[in-house]
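Below is one structure, written out as structure tokens, with a few remarks after it.
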2 protein chains.
Amino acid sequence: MSHEPSPAQPKYRRIADELRAAIKSGQYRAGDRLPGENALAADHEVAPMTVRQALALLRSEGLVESRKGSGVYVQPFSPIRRHGIPRLARDQWNSGKTIWSADDARSPGIDQVSVTENATAPEHVRNVLGLRPDEKVCVRGRRYIMDARPVMLATSFLPQALVAGSPITQADTGPGGIYARLSDLGYAPAHFREEVRSRTPSDEEATRLSIPADRPVLKVVRTAFDADGRAVEINEMTLDSASYILEYAFDA
Amino acid sequence: MSHEPSPAQPKYRRIADELRAAIKSGQYRAGDRLPGENALAADHEVAPMTVRQALALLRSEGLVESRKGSGVYVQPFSPIRRHGIPRLARDQWNSGKTIWSADDARSPGIDQVSVTENATAPEHVRNVLGLRPDEKVCVRGRRYIMDARPVMLATSFLPQALVAGSPITQADTGPGGIYARLSDLGYAPAHFREEVRSRTPSDEEATRLSIPADRPVLKVVRTAFDADGRAVEINEMTLDSASYILEYAFDA
DNA sequence: CAGTGGTCTAGACCACCAA
DNA sequence: TGGTGGTCTAGACCACTGC
């Protein structure tokens with residue numbers, strides 16, 4: 001407020017900038033509670049709605065989290081590094097010198113496991129798996145938890161004919177997971193494709209990930225192919241964008 | 001309004017849902033103008049602010065775009081498919097059966113090219129490139145345009161000592177671009193690492209990409225290593241999330 | 001010039017949380 | 001029970017667009 005350099009800047013942006021700077025400078029730390037909306041409105045001499053616009057901006061950035069009836073709290077940012085290509089993950093080129101610091105040692109917990117056999121596949125899944133409209137799929141859903149916070153949703157689709165009667169239709173697929181069981185069945189994944197995009201979450205995704213509707217998520221769809229080039233699994237993942245960094249490494 | 005099935009749903013969400021459904025059903029097509037705020041407020045019998053909340057939601061989803069003084073328009077969604085691993089891009093596993101349809105034939109135009117020699121590198125860039133604090137970098141910035149819309153910003157950092165006097169310091173680097181010139185200099189990129197995250201844009205990014213402040217962007221940082229494992233280039237890219245799908249393919 | 005979206009005011013009621 | 005954030009009202013002025 002010292003010299004009013006930019007009269008074109010809206011008030012809610014100024015307030016957001018000020019709070020953002022205060023958070024980044026360490027004045028508010030992860031878990032701290034920000035001043036209430038009324039306090040901020042009084043301090044900045046604006047209407048409550050204007051403060052709310054500023055807080056909505058910070059919320060969509062993933063910097064803060066609102067708890068109804070309690071307050072607005074600074075969100076921790078310690079992203080998980082997810083390696084798209086595990087084989088190359090820890091080689092000579094990957095010696096800690098990365099752009100964003102991120103933890104990749106911790107392994108997340110799993111939650112909300114569901115298995116549905118003989119389900120009807122969405123059309124785009126059917127197309128990629130190369131199934132006829134009447135061919136069914138086995139759907140496996142689960143949620144990943146890190147530090148008591150949900151960070152990823154995942155749904156796998158597998159051709160029902162491929163996996164019927166195998167441990168893949170059980171809640172616990174055993175050591176090595178789905179890919180190990182596909183190998184047992186003679187459909188060992190040999191090639192992967194991952195498609196990545198970013199968008200705002202659906203209502204269901206926002207609820208299950210406990211994030212606001214305007215916080216972006218990363219959508220990662222992994223397709224596994226066996227040695228014959230047959231698509232054997234599609235895994236649709238929804239990642240909290242504030243919790244993940246994806247890493248891919250490859251040769252020229 | 002026929003049977004009021006969900007009294008828990010806020011009005012602005014209902015309005016957003018209704019408009020979203022109308023767009024997806026084809027009632028409004030790409031480029032069409034939605035009814036004005038006043039008209040929507042009158043139709044739904046709510047205050048103008050409530051309609052604005054709904055429109056803000058659709059805007060952050062990338063579904064619509066506001067033009068001040070003109071109206072709210074439906075945004076086209078025809079994403080560009082960006083292959084992280086060009087060598088594997090068109091092989092047997094990649095025969096059109098992908099989750100999201102996306103164009104990858106068109107090549108974007110380039111805009112706002114800038115070259116700065118002997119620049120001071122940000123600390124995180126210096127760390128990855130393995131430079132001392134006094135070692136300078138060459139910074140190359142540019143903007144990519146597709147269908148008359150900016151879709152990506154890119155900034156490359158190269159060690160100044162490596163590229164001084166080479167065509168890399170020119171606006172036009174010649175056929176094959178930066179990587180071909182690095183090869184000429186004896187630092188042919190042999191290995192790449194890409195780190196991907198999603199976040200809301202900075203003010204500058206939002207301005208240069210002509211997107212609202214709450215529309216997410218994909219941040220891709222590519223590091224190129226030569227055969228000796230030396231980091232020779234860092235390319236920080238900012239992608240409009242409504243315009244891009246990233247694809248990575250790799251073997252098990 | 002009329003209409004549009006962007007910003008802002010000054011209140012209100014509610015559900016929820018913590019004390 | 002008092003304070004919090006979530007939602008909502010009914011206006012206002014402004015800058016900008018398109019006619």
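Everything numeric here is computed off the predicted structure, so don't read it as measured data. Chain letters run A, B, ... following the sequence lines, proteins first, then strands; residues in each count from 1.
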| query | Looking at DNA chain C, which of residues 31-39 of chain A put a heavy atom within less than 4.0 Å of it? | reply | none

| message | Return whichever of A:Met49 or A:Arg67 has its heavy-atom-nearest nucleotide of DNA chain C closer to the 5' end. | response | A:Met49

| message | Any base atoms under 4.0 Å from B:Arg13, or only sugar-phosphate, or nothing? Heavy atoms, all strands. | response | nothing

| field | Ring-face cation contact, A:Phe192 with A:Arg222, 6.0 Å cut, 45° max | value | yes

| said: Tell me which one of B:Glu233, B:Glu236, B:Arg140 satisfies side chain to side chain donor-acceptor pair (under 3.5 Å) with B:Ser156. | reply: B:Glu233

| Atom of A:Arg126, atom of A:Ala121 and distance for their closest heavy-atom approach | NH1-O, 3.9 Å

| task | Give the minimum heavy-atom separation between A:Arg215 and A:Pro201, together with the two atoms involved. | result | O-CD, 3.1 Å

| task | For B:Ile168 and B:Val115, work out which heavy atoms get closest and say how close. | result | O-CG1, 4.4 Å

| said: Can you work out whether A:Ala47 or A:Gly69 has the more 5'-proximal nearest nucleotide on DNA chain C? | reply: A:Ala47

| request: On DNA chain D, check which nucleotide each of B:Tyr73 and B:Val46 is closest to and give me the residue with the more 5' one. | output: B:Val46

| request: Verify whether one side chain among B:Asp17 and B:Gln9 offers a donor that lies under 3.5 Å from an acceptor in the other. | output: yes

| said: Please tell me whether B:Thr120 and B:Lys136 have a donor and an acceptor in their side chains that are separated by less than 3.5 angstrom. | reply: yes

| request: Give a yes/no verdict on a cation-pi contact between A:Arg67 and A:Tyr73, requiring under 6.0 Å between NZ or CZ and the six-membered ring centre and an angle within 45° of the axis. | output: yes

| message | Reading DNA chain C in the 5' to 3' direction, which nucleotide is the first one with an atom under 4.0 Å from a heavy atom of chain B, and which is the last? | response | C:dG3 to C:dC8

| query | For residues B:Ser241 and A:Ser198, is any side-chain donor paired with an opposing acceptor at under 3.5 Å? | reply | no

| note | Rounded to 10°, the helix from C:dC1-D:dG18 to C:dA18-D:dT1 deviates from straight, judged by its five-pair end axes, by 10°

| request: For a salt bridge (Lys or Arg N to Asp or Glu O under 4.0 Å) with B:Lys219, tell me which candidate from B:Glu195, B:Glu194, B:Glu205 qualifies. | output: B:Glu205

